Amino acid sequence: FAAVQFDAAVQQLSVYLKSFHRAGRWTFAARVLLAECHARQGRYTDAVLAIERSSPDDPYRDGNEFRIRRFKALSKTSGEK
């Protein structure tokens with residue numbers, strides 16, 4: 001992500017989330033980074049899908065609600081289908 005290699009980041013984060021779903025130490029942060037990577041590539045619908053399944057113990061839950069609204073608005077203005 002920091003190296004601006006979003007495709008590689010999406011791939012690695014997706015693998016991590018499939019492998020560790022809820023048991024991984026970095027699961028919550030990985031979801032947020034995955035969403036941000038999708039958004040940086042203009043894939044706002046994918047960004048929303050990455051973070052919309054929030055759980056009560058997710059420390060990013062409040063921020064994710066904001067991100068979801070932002071990504072949905074960006075999706076509308078960008079004309080993404």
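Please read these numbers as outputs of a predicted model, since none were measured by experiment.
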Quick one: pull up CZ in Arg67 and CD in Glu52 and give me the separation to the nearest 0.5 Å. 14.5 Å

Looking only at heavy atoms, the pair that brings Leu74 and Thr77 closest together is O-OG1, 3.1 Å

Shared hydrophobic cluster, Val32 / Phe28 (ILVMFWY, side-chain heavy atoms < 4.5 Å): yes

Under a 3.5 Å cutoff, is there a donor and acceptor pairing between the side chains of Asn64 and Arg61? no

Using side-chain heavy atoms (C-beta onward) and a distance below 4.5 Å, is Ile51 in contact with Tyr60? no

Sequence neighbours left out, what passes ring-ring contact (aromatic ring centres under 6.0 Å, His included) with Phe20? Give chain and number order. Tyr16

To check you understand the geometry: which heavy-atom pair defines the closest contact between Cys37 and Ala9, and what is its length? SG-CB, 3.6 Å

State the OH-NZ distance between Tyr44 and Lys76, to the nearest 0.5 angstrom. 14.5 Å

Can you list the steps and then say if Phe71 with Arg43 is a side chain to side chain contact (heavy atoms under 4.5 Å, CB included)? CA-CA 9 Å; Phe71 296 152; Arg43 297 192 314 243; over 6 Å; no

Take Gln41 and Asp46, measure what side chain to side chain contact (heavy atoms under 4.5 Å, CB included) needs, and give me the verdict at the end. CA-CA 10 Å; Gln41 294 177 310; Asp46 291 336; over 6 Å; no

State which residues pass side-chain contact (heavy atoms from CB on, under 4.5 Å) with Gln12; sequence neighbours excluded, sorted by chain then number. none

Assigning hydrophobic clusters by single linkage (Ile, Leu, Val, Met, Phe, Trp, Tyr; side-chain heavy-atom cutoff under 4.5 Å), is Leu34 placed with Val48? no

Trp26-Leu17 co-clustered via ILVMFWY side chain contacts under 4.5 Å: yes

Once you round to the nearest 0.5 Å, how far does CG of Asp58 lie from CZ of Arg31? 8.0 Å

